[in-house]
Structures are given as C-alpha cells and as structure tokens.
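Reading through the structure tokens given below for one structure.
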Amino acid sequence: MRSAIGLSFALAACSQPAPPPEAQADAAGACRGLSDPKMVWIEGGTFTMGEAPFYREEGPPRQVAVEGFWISQTEVTNAQFAEFVAATGYRTQAERDPPAISGAPPEMRLPGSAVFRVPTHENPSWWVWVPGAWWRAPEGPGSTIEGRGTDPVVQVTFDDALAYAEWAGKSLPTEAQWEYAARARAHAGSQVAPEPRDAAGKAQANYYQGVFPAKDLGEDGFTSRAPVGCFAANAFGLHDMIGNVWEWTVSEAMPGQPENVIKGGSFLCARNYCARYRPTARQFQERDLGTDHIGFRVVDTNRAPPAPQGED
C-alpha cells in the first residue's frame with residue numbers, strides 16, 4: 001500500500017524535475033521513435049548476474065542460467081497502451097481512488113500519482129502526490145501525451161503493467177531475464193562503462209548529463225523521456241535497456257514485502273547521483289505506486305523460438 005513515507009523515499013535515488021513542455025517538444029522533434037516495435041528472440045545461456053556491483057544491493061555476483069525467451073524490442077509505448085485501454089476499458093490505479101491512509105494529506109485522498117518536483121527550502125520533498133497525474137497526463141493536469149505515441153508509457157503500477165502483459169498474451173520479465181538481455185553489448189555478459197558514452201564521448205542512452213539536480217545539460221538530445229528506439233540497439237537488437245525509464249520486473253524485492261525490482265535506470269539518473277544506468281543496477285519500488293519515470297517491457301516464453309537460419 002502506498003504511504004506518505006513511501007512516497008517521500010521510494011525513489012529518491014534517481015530523480016529530476018519535470019522539464020517544461022517546450023523542452024519536451026524540442027527533444028521529441030529530434031527523433032520520432034519506433035512506431036512498430038517487434039519481439040526479439042534471446043537465446044538462453046548462463047551469465048554472471050550482479051557482476052561488478054557498484055551498490056550493495058546489486059551483489060553478490062552469482063551464476064544464473066536463463067532459458068531462451070522473446071522480449072519486446074522497446075519499452076511499451078503510449079500508443080500500445082492506448083490500444084489495450086481501448087480494447088478493455090481498463091482504468092489504471094492512478095485513475096482510481098487511492099486506499100485510505102490514516103493521517104494522509106487531502107491531496108493523497110484523490111486519484112493521482114507521484115511526480116518529481118525540484119526541492120526547495122520551503123518544500124524539501126522531492127516526490128509529491130499530484131492529483132490528476134496518470135498515464136495520459138504524466139506530470140499532472142496540463143501535461144499531455146498528445147503527439148507522443150512512441151514515448152514509453154509511464155504512471156503505471158506493477159498491476160497496470162501486468163494487466164497489459166496478460167492482455168497481450170505475454171508476461172513481465174524476471175530480473176534475470178531482463179539483466180541477461182540488457183548485458184548484450186559486444187556480447188551477452190560484457191561490461192559497461194561507468195557512464196554510457198562511446199569512445200568519442202557521445203551519450204549512448206537517455207540519462208542525466210550535468211550535476212544532478214541543478215541542470216540536465218541534455219547532451220543526449222533529451223531532458224525528459226525519449227521516444228523509444230532513439231538510441232542504438234544492443235547486440236541483441238534491444239533499445240533503451242539502460243536509461244529512458246525504469247522497467248518493472250516480476251521479481252520481488254524481498255519475500256513478503258510489497259515491492260518489486262525495477263531495472264535499467266532512467267533519464268533521471270546522473271553520474272554524480274544514482275548512476276543506475278547499468279544492467280546490474282536494481283532498485284525496489286512499491287507495486288501500487290506509479291511515477292513519471294517508470295515503464296515496462298514484456299516477454300513471451302510460450303512462443304516457439306525462430307527457425308534456424310537456412311530453414312523455412
């Protein structure tokens with residue numbers, strides 16, 4: 001159950017203020033994203049999960065075997081989620097009355113979701129409950145996804161993501177599946193640099209450049225969510241496995257706790273604060289709390305693998 005304490009601290013590690021609408025529009029014009037992302041086959045294998053941990057919760061390194069699976073090429077987009085809602089009439093948790101919390105302020109008794117705001121001396125809280133924030137208005141009233149169908153859908157809780165996956169005949173990835181697929185650089189299991197830049201220093205993912213939280217320099221072309229597929233795919237052909245938005249997994253943070261593991265970091269992660277734009281990185285999130293920087297992708301373990309090359 002979401003709580004005032006959880007809202008304040010659940011995701012304080014990777015955050016930045018919502019950019020002004022004109023900044024989002026300028027960035028969106030640079031790349032329109034993939035409008036028809038595919039499912040990609042990942043051949044199974046064994047890898048070192050939690051290799052070279054940077055934060056304590058990322059280790060210890062251990063050998064994990066993963067069977068082959070299909071995974072979506074990109075994060076699920078606003079357009080894809082809209083198809084699901086149109087077909088089912090589904091209402092996300094942000095559109096429903098929140099559960100009653102003793103002592104909660106009035107705004108937390110209204111439908112809404114969590115949005116990051118710049119902390120000030122008067123209001124040091126980073127995450128705030130914004131009535132009217134939902135997947136079609138990620139930053140709250142006045143914000144919109146109009147013209148942003150290829151952006152990753154956000155303000156979705158674990159149950160919202162799971163409902164979409166089940167409707168699509170798929171599921172959410174396990175943490176092991178997700179990390180194995182994300183670690184493909186030159187090959188599965190390869191190391192990644194402390195900051196996702198190429199040899200020439202060009203940003204290779206949508207993350208926070210600059211000194212957090214003073215200013216995102218936008219060197220990667222974006223200061224908010226980027227349309228899916230705007231950055232080069234990894235060796236498996238998957239886009240945005242690090243940066244852009246955090247992604248839900250079905251793996252529990254700890255047995256019996258109401259939190260699941262999210263992976264990949266987001267456009268809010270900076271080198272000086274968070275640095276969770278790495279395959280090994282993991283963070284825990286309350287299952288019934290969405291934010292404006294958490295989305296998801298899906299996997300399929302029922303569909304047959306592709307035929308070997310050279311066969312019909």
Is the backbone N or O of Asp292 less than 3.5 Å from a side-chain atom of Arg225, with the two atoms forming a donor-acceptor pair by type?
yes

Looking at Tyr90, Phe84, Trp248, which one forms a ring pair (Phe, Tyr, Trp, His ring centres under 6.0 Å) with Tyr164?
Phe84

Any ion pair linking Lys263 and Glu179 (charged N to carboxylate O, less than 4.0 Å)?
yes

Can any side-chain N or O of Arg62 pair as donor or acceptor with the backbone N or O of Pro60 at less than 3.5 Å?
yes

So does Asp160 get a backbone contact from the side chain of Thr157, meaning a donor-acceptor N/O pair under 3.5 Å?
yes

Could you tell me whether Gln63 atom CD has more than 12 heavy atoms of other residues or ligands within 6.0 Å of it?
yes

For the side chain of Asn206 and the backbone of Ser224, is there at least one donor-acceptor N/O pair under 3.5 Å apart?
yes

Between His293 and Trp246 (side chain of the first, backbone of the second, donor and acceptor by atom type, cut-off under 3.5 Å), is there such a pair?
no

Test your reading of the model: is there a side-chain donor-acceptor pair from Arg297 to the backbone of Gln73, 3.5 Å cut-off?
yes

Under the 3.5 angstrom rule, does the side chain of Trp70 hit a backbone N or O of Ala304 as a donor-acceptor pair?
yes

Strictly distance-based, threshold 3.5 Å: is any side-chain N or O of Thr280 a donor or acceptor partner for the main-chain N or O of Gly50?
no

Glu51 and Arg183, any side-chain heavy atoms less than 4.5 Å apart:
yes

Tell me, do Arg287 and Pro258 make a side-chain contact under 4.5 Å, heavy atoms counted?
yes

Any side-chain heavy-atom pair of Ser72 and Met39 under 4.5 Å:
yes

Walk me through whether Asp220 and Gln209 qualify under side-chain hydrogen bond (donor to acceptor under 3.5 Å, both in side chains).
CA-CA 8 Å; Asp220 55 19; Gln209 297 91 43; 2.9 Å; yes

Hey, does the side chain of Gln257 reach the backbone of Met254 with a donor-acceptor pair shorter than 3.5 angstrom?
no

Kindly say whether Leu289 contributes a backbone atom to a donor-acceptor pair with the side chain of Gln285 at under 3.5 angstrom?
yes

Please assess Gln155 against Ser113 for the test side-chain hydrogen bond (donor to acceptor under 3.5 Å, both in side chains), listing each intermediate value before the final yes or no.
CA-CA 7 Å; Gln155 295 296 16; Ser113 200; 2.6 Å; yes

Any side-chain heavy atom of His239 within less than 4.5 Å of one from Phe231?
no

Could you go through Gln283 and Tyr55, starting from their C-alpha distance and side-chain angles, then the distance that decides it, and tell me whether this counts as side-chain hydrogen bond (donor to acceptor under 3.5 Å, both in side chains)?
CA-CA 10 Å; Gln283 196 155 277; Tyr55 294 112; over 6 Å; no

